Amino acid sequence: MKYIWSLSLMLLSLLFMSFDANADGINAHPKKIDPDVLFKEKSEYVAAELVVKFAPGTPQTEREDLLKQVDVIEETGLEDQDFSLVKVTQGAKLAEIAKQLLMSKKVLLVEPNYKYQKAYVPKEPSYSRQWYLNKLQLPKAWDKTKGSSKITVAVIDGGVQKDHPDLKGKIVSPYNAVTGSSSYYPDEHATHVAGIIAASFNKYGIAGISPDVKIMPINVFQGNEASAETVIRAIYYAVAHHAEIINMSLGDDNYSYLLEAATKYAKSKGVVLVAAAGNSSTYLPMYPAASEGVIGVSATDRNDRIASFSNYGKYIDLAAPGVDIYSTVAGSTYAAYDGTSMAAPMVSGIAALVRSKNPFLSPSQVEAILKSSTVDLGSKGWDEDFGYGRIDAYKAVSKTAAPISTITAPKTYTMTGENKAAFSFKTTSKTKVSLSIKDAHGKTIRKLLSNKSSSGAKISASWDGKTASKKFVSTGIYKVEVKITKGSDSLNKSTTIKVINHTKPAIMVSGTTYTYSPKVSSKVTIPYELTQKVKISAVVTDQSGKTVKKILSKKSKSAGKHSLVWNGKTTKGHLVKDGTYKIVMSFTDSHNKQGKPKKIQLKVDSVRPTGELSLSSTLFKMDNKTTNIIRVKLKETSTMIVHVVNEKGTIIKKLINKQANPGIISASWNGKNDKNQLVPEGTYHYFVQLKDKAGNITKINSTSIIFQDWRVPSISSGKDYYLKTKGTLTIGYTISKPGKVTIGIYQNGKPVTTIKSDAAELAGQHTFTWDGTDQSKSLLNDGVYQYNIKVVDKYNLTQTYSGNVHVEINKIEISYPAVVMFYPGEGSEVHYKLSRAAHVTIEIYNQSNQKIKTIEQDKAVNEGSQYFKWLSGDENDDTYYYVITAKNAYGQKSVKGKMTSTGNPAWLVSHSFGFHLASDQIYNDQLLLKINTKQQVTATVHLYPDAGSSQIAEKQYTVKPGSSTIVYTKPSKYSWYYYLIEYRDSLGNEYWYSINE
C-alpha cells in the first residue's frame, strides 16, 4: 500500500470554521469578547436563549442558514436593527454555540440574554406622603410649567395600570416588548414609577412631578426578570413612537454592547435617557445606568443623605429622593417604596418639565441644565455618591431658557425712506430661524430671514419698511414674527410694531444714462419707482433745452414701480436725429407741492459700429505649433462675437464673446473645433458680429482661409506579437492621417518579405497579415523578426514604426507539475505534457544535485500527455528532483520538478478540515473540507472503517479555482472513520492526505 501524507494543518481542525469575525465599521466587544467569560454564570441570563447581532444587510435566508448550522432557531428579529433573539436546545452549551456562530463573517456579536432585576425595595404602606415635592421646590416650579401634553415619557418597566385614577387619559402607545402586543398585566413597580412622573392634578390621589405630560408604558418583564433583548427592543420602540424621555428603573451589572448601541441610537435621535443606579450599595457599574448617554441616578433620603442601599461610583450623574416615596400602584391604590427605581423617575419628571418649557433642547442640553441646577451634596462638585448633586425642579426650569426670547423691536417705526427698524432676539441653538413681517390680516409681506441656522447667540435683523415687491408700506400696525424649526417641530413668537409712513415723495430711477436706437427698437423703456402717489409729468428735451416730446402730463400714479415709454419721435411724429437728449420727470404731491425733478440722459444712436479685419495668413499650415490669427480694429465699445465657420456656414469654433473697448482685438485659431478635435482640411472663414450699446449690429465675414494638415503622420501599434502555430498572424495599426503605406518584414536589418508597397490608406485603423514565410513563401525558422510600417502623406511628410514578431511555430513547451508526491521506498509517478513531438531525456537528482538515475535517454516521444515512474529502491531521502529535457530540430527545453513527501502541490494554496456536530451535540455528522486552489482539480473522499481496512465508500467532487468548501455527510454519525483525501490535477498527478477521525 502507498504511504499517505499526514497533513500537519489537520491538527488545527476547528480553525477551519474560524472565519473572520470582524466586520467593517463594528467594534469588537470591548471587554467580554470571550464567550467563556460572557456565559460564566447561568443565573445571570436566560438559559436557552442568545441575542445575535448580524452584519448589516444580511439576507433573512442567510441568517436562517447560519442558525441552522448550529441547530438554533430565530425566535424574533428586530427589523432594520440586524439582531435576533434565538432559541437553543435545552441543556446546550451557549458558549460553544456562540463560538461557532462567531466563526462566520455575517455574525458580529453574540451575547447572553441577560436578566434585569427591578431596582426597588418594597415596603409596607402607611409612609408619610409626598415629602419630596417641597424638597425639590416643585410648587415653585409649577408656577412656570406643569408639563406639556406634547411631551411623552416612555416608562420601560413592568406594565403600567392604564386606568389608574391618577394616570387614565394620559397613556399613549402602550407596548409589551415580551409578546409584541399592546396588552400586559398591570405591575405595581411600573405604575409606581409612572405616578411619580405624571400623576394628574385631579383633586384625587397624588401629584406627579410633571402632571400634564403623557406616559408611554412599555412592559419588558416576565415576573421579576427582563431580558436584554426585550429592553433593547423597548428602546427602539420608544424612539420609533416619538418618546422624548425614556425612564429605566431596572438594571444588571453585565455590560451589553447591543444595549449600549441602542441607548446611543436613542440619544442620537433626540431622546433623554434616565436609569436607576441600582440598590446593591456597591461601586460596580449597573447597566443601563452606566451606559454612554444615559443619566445614572442614585437615591437620597429626606435628609439629603445617600440611601443605604444606593449604588455609587463613576457612573453616577445625579441624585434624587428614593426613600419613602409615595405613589400610585396597580389596583388603583397607592403605596410607598424605597429604591433608586423611585429616584430615576424624579429626574425623568423634571427633565419632562424642562423639555415642556423648551422642546427644542437636545439631550445633552437637557442633561447640562439638570446637572447645573442641583443642590451640591457630599464633596464639592461631582462625587461618587451624588454625582453633580441632588436635583432641584425650580432651579432646573428657571435655568431653562424659552425657545424664543423676547423680541426686541421698536414700538413705533417712523419710516422716512432712509432709516430702518432693528430687531433682535435669541433662540435655542441648532434650530432653523425665520423672521417675517405680516400685515393686519396676517399676510406675510416680507421675509427678512429664512431658515437661518442658530448657534444660540443673539440674532439681529433690520427692515426698511418695504414689502417683497419693494414698495413702502402704509401707516398701520404690523406683526414681527419669529419661527424656529427643528426636524418636524416648529414654534412661533411675535410682537407688534406701529409703522408711520413719513417718506417723502420721490422718483427713483436705476441709472442716469440710457442709449437707444430707433432702428433697432420701436421704443425705449425706462423703469422708475414712486415712493408715494403723485401727479407726474415727463418731457424729452434736446441739447438746447427745447421740448421735443411730452410723454406724460400731470398723470396720477400710485406708489410703486412704473415704466416710462418713448417711441423716439417728436410731437409731430418724426423720428429724432442721433444725438443726446434729456428726459425730465417732475411731479406734485397730494398737497400740490412740487418735488425734486429727476433728469435722465438719453443718447439716440442709429449708426452701426464698424470694424476692420485682418488675417495673419489666408493659408493655414497647421503643424501643432502655429495658429491662425484674426485682428479686429474696433472704433467704439461693442459686444464682439468671433466664430470660425466652415463652407456650409456651420459654426465650428467660438473664439470671442465679450464686450470690447475701442482698439485692436486679436483672436487665434489652432485648427480645432469646440470639442477640441482637429477639423478636416478645407476652406473656412471668420464671422464677426459687433453690437453697440444702442443695440445696432454689424456682421462681417473675413476672406477665406485654406486649412491644411501639416502634422507629421503618427503610427500606433503593438511592440511584440507571437506566431506559435502554422497559419497567419494579424497585426493591427492606426495612422493619424491619409497617406501611402509600405510594410515589410525584416531580420537583423535584412528584408525578408514585403507585405504592402505604397498602398493608399485613409486615417484610422488598419491591419496586415503574415504567415511566417519569406518572399518565396518558404516557412522561416523560429526566431525574432521585425515588421516596419512607413507612411508618406501628400505633403511628403514621413513617419515609420517598428515592432517585433516572435516566430515560435516549432518551439517545444512542457507542461509539468512543480511538486509531486514521493513515497519513500516506492518512488513517484509523474504526468506531464509535450506541445511537440521530441526526443526526451529524464533524469533523477538528489538534494545535493547529484544525478542518481536516468529514466529515459533521448527517447522519441509523441506530443500530448505522457508519464514516467521512478521506483526509489533503497534511497533514504524524502526529497528528490526530476529533470525532463525535450529536443527537436528547432531547439530544446528543460524543466525541473520536485518529488517530496513533505510539501504540497504548487496549485494548492491551503486546505484544512473540521467536523460538524450533530443536533445532539455529541456526535459528528459531517466532514468539512476547506480548499483554496489556483486551478481546477478533482477531489475524492475515500472512506474506511479504520486505517488498513477495505474501502467502504467514496465520493468525487470537482473543485474550482479559489476557495471551496466540501461537505461530506457520514454514513453514520455514531461511527468514527478513517479518510483518504485524493486530489488529481489537470495533468493526472495524484496527491493523497489522511484524516483519522
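Because the structure is a prediction, the values reported are computed rather than measured. In this chain, numbering begins with 1 at the start of the sequence shown. Values below: every heavy atom of this structure, side chains too, minus hydrogens, waters and symmetry copies.
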**Student:** Kindly give the heavy-atom pair with the smallest separation between Ile700 and Gly611, and that separation in Å.
**Tutor:** CD1-O, 3.5 Å

**Student:** Under the side-chain contact (heavy atoms from CB on, under 4.5 Å) criterion, do Leu987 and Asn989 qualify, and how do the steps go?
**Tutor:** CA-CA 6 Å; Leu987 294 171; Asn989 295 287; 3.6 Å; yes

**Student:** Give every residue pair that meets the salt bridge (charged side-chain N to carboxylate O under 4.0 Å, His left out) criterion with at least one member in residues 631-641, sequence neighbours excluded.
**Tutor:** none

**Student:** Closest heavy-atom contact between Gly671 and Met622?
**Tutor:** CA-CG, 4.4 Å

**Student:** Residues two or more places apart in sequence or in another chain: which of them pass ring-ring contact (aromatic ring centres under 6.0 Å, His included) with Tyr881?
**Tutor:** none

**Student:** Which class fits the ring pair Tyr832 and Phe868: parallel under 30°, tilted 30 to 60°, perpendicular over 60°?
**Tutor:** tilted

**Student:** Can you check ring pair (Phe, Tyr, Trp, His ring centres under 6.0 Å) on Tyr991 and Trp907, steps first, answer last?
**Tutor:** CA-CA 11 Å; Tyr991 305 85; Trp907 48 259; 5.6 Å; yes

**Student:** Using a 3.5 Å cut-off and no angle test, enumerate the donor-acceptor pairs between side-chain atoms of residues 691-698 and protein atoms at least two apart in sequence or in another chain.
**Tutor:**
unit_1	atom_1	unit_2	atom_2	d
Asp692	OD1	Ala694	N	3.1
Asp692	OD1	Gly695	N	3.0
Asp692	OD1	Asn696	N	2.8
Asp692	OD1	Asn696	ND2	3.4
Asp692	OD2	Asn696	ND2	3.0
Asn696	OD1	Ser517	OG	2.6
Asn696	ND2	Asp605	O	2.8
Asn696	ND2	Val607	O	3.4
Thr698	OG1	Pro609	O	2.4

**Student:** On a heavy-atom basis, which atom in Ile814 and which in Ile884 lie closest, and how many Å separate them?
**Tutor:** CD1-O, 4.1 Å

**Student:** At their closest point, which heavy atom of Ile966 faces which heavy atom of Ala939, and how far apart are they?
**Tutor:** CD1-CB, 4.1 Å

**Student:** According to side-chain contact (heavy atoms from CB on, under 4.5 Å), who are the partners of Ser778, at least two apart in sequence or on a separate chain?
**Tutor:** Asp774, Ser776

**Student:** Verify the ring-centre separation between Phe620 and Trp710: is it less than 6.0 angstrom?
**Tutor:** no

**Student:** Output yes when a side-chain donor or acceptor of Thr933 lies under 3.5 Å from a complementary backbone atom of Gln935, and no otherwise.
**Tutor:** yes

**Student:** Closer than 3.5 angstrom, by distance alone: can the side chain of Glu954 be matched with the main-chain N or O of His942 as a donor-acceptor pair?
**Tutor:** no

**Student:** Kindly write out the residues that satisfy ring-ring contact (aromatic ring centres under 6.0 Å, His included) with His643, not counting sequence neighbours, or none if the list is empty.
**Tutor:** none

**Student:** Among Tyr686, Tyr684, Phe707, exactly one meets side chain to side chain contact (heavy atoms under 4.5 Å, CB included) together with Asn628. Which residue is that?
**Tutor:** Tyr686

**Student:** Please walk me through it: do Tyr845 and Glu843 pass side-chain hydrogen bond (donor to acceptor under 3.5 Å, both in side chains)?
**Tutor:** CA-CA 7 Å; Tyr845 292 82; Glu843 299 165 317; 3.1 Å; yes

**Student:** Start with the C-alpha gap between Lys869 and Glu826, add the side-chain angles, then the distance that decides, and say whether salt bridge (charged side-chain N to carboxylate O under 4.0 Å, His left out) holds.
**Tutor:** CA-CA 10 Å; Lys869 292 181 179 180; Glu826 292 189 15; over 6 Å; no

**Student:** Below 6.0 angstrom between ring centroids: does that apply to Tyr880 and Phe822?
**Tutor:** yes

**Student:** Going through the checks in order, is the side-chain contact (heavy atoms from CB on, under 4.5 Å) test met by Leu929 and Ile981?
**Tutor:** CA-CA 10 Å; Leu929 294 172; Ile981 310 302; 4.0 Å; yes

**Student:** Without placing hydrogens or testing angles, list every side-chain donor-acceptor pair under 3.5 Å for residues 648-670, not counting sequence neighbours.
**Tutor:**
unit_1	atom_1	unit_2	atom_2	d
Trp669	NE1	Lys672	O	2.9
Asn670	OD1	Lys672	N	3.0

**Student:** Flag this pair as yes if the NZ/CZ of Lys719 is under 6.0 angstrom from the six-membered ring centre of Tyr801 and inside a 45 degree cone about the axis; otherwise no.
**Tutor:** yes

**Student:** With no hydrogens and no angle check, is any side-chain donor or acceptor of Thr841 less than 3.5 Å from a backbone partner on Asp858?
**Tutor:** yes

**Student:** Please answer whether the main-chain N or O of Leu619 pairs with a side-chain N or O of Ser617 as donor and acceptor at a distance below 3.5 Å.
**Tutor:** yes

**Student:** Could you tell me whether Trp870 and Tyr882 have their ring centroids closer than 6.0 angstrom?
**Tutor:** no

**Student:** Is there a donor-acceptor pair under 3.5 Å between the side chain of Ser704 and the backbone N or O of Thr683?
**Tutor:** no

**Student:** What heavy-atom pair brings Leu634 and Thr610 nearest, and what distance separates the two atoms?
**Tutor:** CD1-O, 3.9 Å

**Student:** Mind checking side chain to side chain donor-acceptor pair (under 3.5 Å) for His806 and listing every partner two or more places apart, or none if nothing turns up?
**Tutor:** Asp720

**Student:** Specify whether Tyr983 and His911 have parallel, tilted or perpendicular ring planes, treating 30° as the upper limit for parallel and 60° as the lower limit for perpendicular.
**Tutor:** tilted

**Student:** For a quick check under 3.5 Å, do Tyr993 and Asn904 share a side-chain donor-acceptor pair by atom type?
**Tutor:** yes

**Student:** Return yes if some donor-acceptor pair links the side-chain N/O of Asp985 with the main-chain N/O of Val937 below 3.5 Å, else return no.
**Tutor:** no

**Student:** Checking Thr900 side chain against Thr902 main chain: does a donor-acceptor pair fall under 3.5 Å?
**Tutor:** yes

**Student:** For residues 726-740, which side-chain N or O atoms pair as donor and acceptor with protein atoms under 3.5 Å away, sequence neighbours left out?
**Tutor:**
unit_1	atom_1	unit_2	atom_2	d
Tyr733	OH	Lys756	NZ	2.9
Tyr733	OH	Glu761	OE1	2.9
Tyr733	OH	Glu761	OE2	3.0
Ser736	OG	Ser714	N	2.9
Ser736	OG	Ser714	OG	3.1
Lys737	NZ	Asp709	O	2.7
Lys737	NZ	Arg711	O	2.8
Lys737	NZ	Asp793	OD2	2.7

**Student:** Should the heavy atoms of other residues, nucleotides or ligands under 6.0 Å from NZ of Lys893 be counted, would the total exceed 12?
**Tutor:** yes

**Student:** Taking atom types as modelled, find out whether Asn788 and Ser802 have a side-chain donor-acceptor pair closer than 3.5 angstrom.
**Tutor:** yes

**Student:** Check the pair Trp992, Tyr823 against side-chain contact (heavy atoms from CB on, under 4.5 Å), reporting the backbone distance first and the verdict last.
**Tutor:** CA-CA 11 Å; Trp992 294 75; Tyr823 305 100; 3.5 Å; yes

**Student:** Which atom names give the shortest non-hydrogen contact between Val819 and Pro905, and what distance separates them?
**Tutor:** CB-CA, 4.0 Å

**Student:** Is it true that a side-chain atom of Arg836 and a backbone atom of Ile809 form a donor plus acceptor pair closer than 3.5 Å?
**Tutor:** yes

**Student:** For a side-chain contact (heavy atoms from CB on, under 4.5 Å) check, start with the C-alpha distance between Val791 and Thr798, then their side-chain angles and the critical distance, and finish with the verdict.
**Tutor:** CA-CA 6 Å; Val791 178; Thr798 303; over 6 Å; no

**Student:** Does Thr940 use its side chain to pair, donor to acceptor, with the backbone of Gln956 at less than 3.5 Å?
**Tutor:** no

**Student:** Taking side chain to side chain donor-acceptor pair (under 3.5 Å) as the test, write out the residues that go with Thr753, two or more places apart.
**Tutor:** Gln775

**Student:** The criterion is side chain to side chain donor-acceptor pair (under 3.5 Å); which residues satisfy it with Thr742, sequence neighbours excluded?
**Tutor:** Asp758

**Student:** Taking ring-ring contact (aromatic ring centres under 6.0 Å, His included) as the test, write out the residues that go with Phe768, two or more places apart.
**Tutor:** Tyr787

**Student:** What residues, two or more places apart in sequence or in another chain, satisfy side chain to side chain donor-acceptor pair (under 3.5 Å) together with Glu829?
**Tutor:** His831

